[in-house]
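One-based numbering, in listed order, for ligands and for the atoms of each.
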Amino acid sequence: MYKIAIMGGDGTGPEVTAEAVKVMNAAAAKFGFKYEGTEFDFGGERYKRTGETLPDSAIEEFRKFDAILLGAIGHPDVAPGILEKGILLKARFALDQYINLRPVRLYPGVWTPIKDKGPAEIDYVVVRENTGDQYTGVGGVTMKGTPQEVAVQTAVYNRFQVDRALKFAFEYARKYGKKTRGIGKENTLGLVGKTNVLTYVYDLWERAFHEMGKKEYPEIRRDYYHVDACCMWMVKNPEWFDILVTGNMFGDIITDLAAMTQGGMGIAAGGNINPDGVSMFEPIGGSAPKYTGQNVINPLAAICAMAMMLQILGEEKAAAAVETAVKFVTANKLKSLAAGKMGYSTTEVGDLVAQYVADN
Ligand code: IPM
Ligand code: MN
């Protein structure tokens, strides 16, 4: 019996998590696992009412769960940063979800802005470190508001953070790389860095990467990309990639680019993972306030996030079945992934996926 915390959050968040739950119910019935869902109402509305973002007591509560399913955080009446830092980043840091796992997979029938590339070419995974870098808040500001204002926000990494992220990435490459999946000659892990300028931080990453790879994962091919060049290849030759690993800031940026190549925010999912603790799964897109309550938003990203949750919980067959169902729906049903243009409503898309899981 899994205990799942369900945090719909703001805007269209609750609508898409409802569809993910619908599909999870179908998968549970089909594959014989049980779960108990508990809803939490943290988000912009609650903040406006009570001034509370995500209290420490909620973090303690979350520790009793097996996983968290998150919809979206972000409210038009709340200044940028408050909810992001107070809820999303707080959960990531307090629960030490040190990996942000972002698969980049173009499903059949989905439009990509990359000409001449299809599902066979756009099929890789970014392992983004999720606790370090500029996100640590190390830095400060002085003489604020004067012409001499100084602002510093530092990229911070220690060897421990780097090693644990690399270990996850190498293990992931061994288990889910293109060779293991039968679609490539070798399993490959590519480090994305900037060793030509960030000669402290990415030098640390690069040394740790090769040391670990040579010693513990000799069968995994190691590649290195500067982050700027990586952005070019993500557009020009995405088929070169298998598993990529990078720091928090670069990972944030390149996965938005990557998400667009896989069809955009309607489909892109991420997992904030603590392999020894409580992980949190979310669609990468925002709360889309203008579509709230209209039953037009695309729930597939939330459904894919839920599938990733099942995979990490060890329900691999159920996870694969949900992914197959999503592919069936993108290939055969949806006109577009964009809100209001799918040819189906939010709840109908959830029904289609759930039905396919039940029937196949
Ligand atoms: C993401 C988001 C967050 C991040 C923001 C909302 C704090 O952009 O999940 O990628 O920067 O990590
Ligand atoms: Mn981002």
Side-chain angles (χ1 to χ4, degrees), residues 7-13 16-17 20 42-44 46-47 53-54 59 62 67-105 124-139 153-157 161 165 168 192 227 230-231 234 244-274 278-289 298 300-302 304-306 308-309 312:
M7 188 157 58
D10 298 319
T12 52
V16 296
T17 45
F42 299 108
R46 176 159 170 156
Y47 172 75
T53 48
L54 188 64
I59 296 289
F62 284 162
I68 304 165
L69 190 60
L70 171 66
I73 295 295
H75 195 292
D77 304 343
V78 181
I82 294 177
L83 301 172
E84 292 86 342
K85 279 192 176 167
I87 299 178
L88 189 61
L89 296 181
K90 174 148 182 187
R92 287 179 184 172
F93 277 77
L95 297 171
D96 205 18
Q97 294 162 341
Y98 63 84
I99 296 298
N100 196 321
L101 189 63
R102 298 190 161 181
V104 185
R105 214 153 270 157
Y124 58 97
V125 176
V126 178
V127 177
R128 166 187 172 189
E129 199 289 329
N130 212 27
T131 61
D133 230 347
Q134 286 91 331
Y135 284 76
T136 54
V138 171
Q153 209 142 3
T154 308
V156 180
Y157 269 111
Q161 287 173 309
F168 182 94
V192 181
V227 64
C230 179
C231 289
M234 284 166 70
L244 295 174
V245 61
T246 190
N248 205 351
M249 191 80 254
F250 292 164
D252 177 46
I253 298 165
I254 68 172
T255 53
D256 267 28
L257 171 57
M260 286 321 289
T261 68
Q262 69 177 128
M265 292 304 172
I267 193 85
N272 302 279
I273 294 170
N274 177 342
V278 186
S279 302
M280 178 170 75
F281 301 84
E282 53 173 337
I284 297 184
S287 57
N298 187 340
L300 289 180
C304 291
M306 185 277 297
M308 198 192 301
M309 176 175 83
I312 298 289

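Nearest approach of Ile68 to Leu95, heavy atoms of both residues: CD1-CD1, 3.7 Å. Contact detail for Ser287 and Asp10: the closest heavy-atom pair is CB-O, 3.5 Å.
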Find all protein N or O atoms under 3.5 angstrom from an N or O atom of ligand 1 and list the pairs with distances, or write 'none'.
| residue | atom | partner | partner atom | Å |
| --- | --- | --- | --- | --- |
| ligand 1 | 8 (O) | Asp252 | OD1 | 3.3 |
| ligand 1 | 9 (O) | Arg92 | NH2 | 2.6 |
| ligand 1 | 9 (O) | Arg102 | NH2 | 2.9 |
| ligand 1 | 10 (O) | Arg102 | NH1 | 3.2 |
| ligand 1 | 10 (O) | Arg102 | NH2 | 3.0 |
| ligand 1 | 10 (O) | Arg128 | NH1 | 3.3 |
| ligand 1 | 10 (O) | Asp252 | OD1 | 2.9 |
| ligand 1 | 11 (O) | Tyr135 | OH | 2.5 |
| ligand 1 | 12 (O) | Arg92 | NH1 | 2.7 |
| ligand 1 | 12 (O) | Arg128 | NH1 | 3.4 |
| ligand 1 | 12 (O) | Arg128 | NH2 | 2.8 |

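Of the candidates Leu69, Thr17, Leu88, Glu282 forms a side chain to side chain contact (heavy atoms under 4.5 Å, CB included) with just one, namely Leu88. Exactly one of Asn272, Asn248, Thr131, Asn274 qualifies for a side-chain hydrogen bond (donor to acceptor under 3.5 Å, both in side chains) with Arg92. That residue is Asn272.
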Criterion side-chain contact (heavy atoms from CB on, under 4.5 Å) on Leu244 and Val125, from CA distance to verdict:
CA-CA 6 Å; Leu244 295 174; Val125 176; over 6 Å; no

Assess whether side-chain contact (heavy atoms from CB on, under 4.5 Å) is satisfied between Tyr47 and Ile87, documenting all intermediate values.
CA-CA 10 Å; Tyr47 172 75; Ile87 299 178; over 6 Å; no

Test Met280 against Phe62 for side-chain contact (heavy atoms from CB on, under 4.5 Å), laying out the working first.
CA-CA 10 Å; Met280 178 170 75; Phe62 284 162; over 6 Å; no

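Qualifying side chain to side chain donor-acceptor pair (under 3.5 Å) partners for Gln97, counting only residues two or more places apart in sequence or in other chains: none.
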Contacts table for residues 250-262: side-chain donor-acceptor under 3.5 angstrom, sequence neighbours left out:
| residue | atom | partner | partner atom | Å |
| --- | --- | --- | --- | --- |
| Asp252 | OD2 | Tyr135 | OH | 3.2 |
| Thr255 | OG1 | Arg102 | NH1 | 2.8 |
| Thr255 | OG1 | Gly251 | O | 2.7 |
| Thr255 | OG1 | Asp252 | O | 3.2 |
| Thr261 | OG1 | Ala258 | O | 2.6 |
| Gln262 | NE2 | Arg105 | O | 3.3 |

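Protein atoms of type N, O or S found under 2.8 Å from the Mn ion (ligand 2) total 1.
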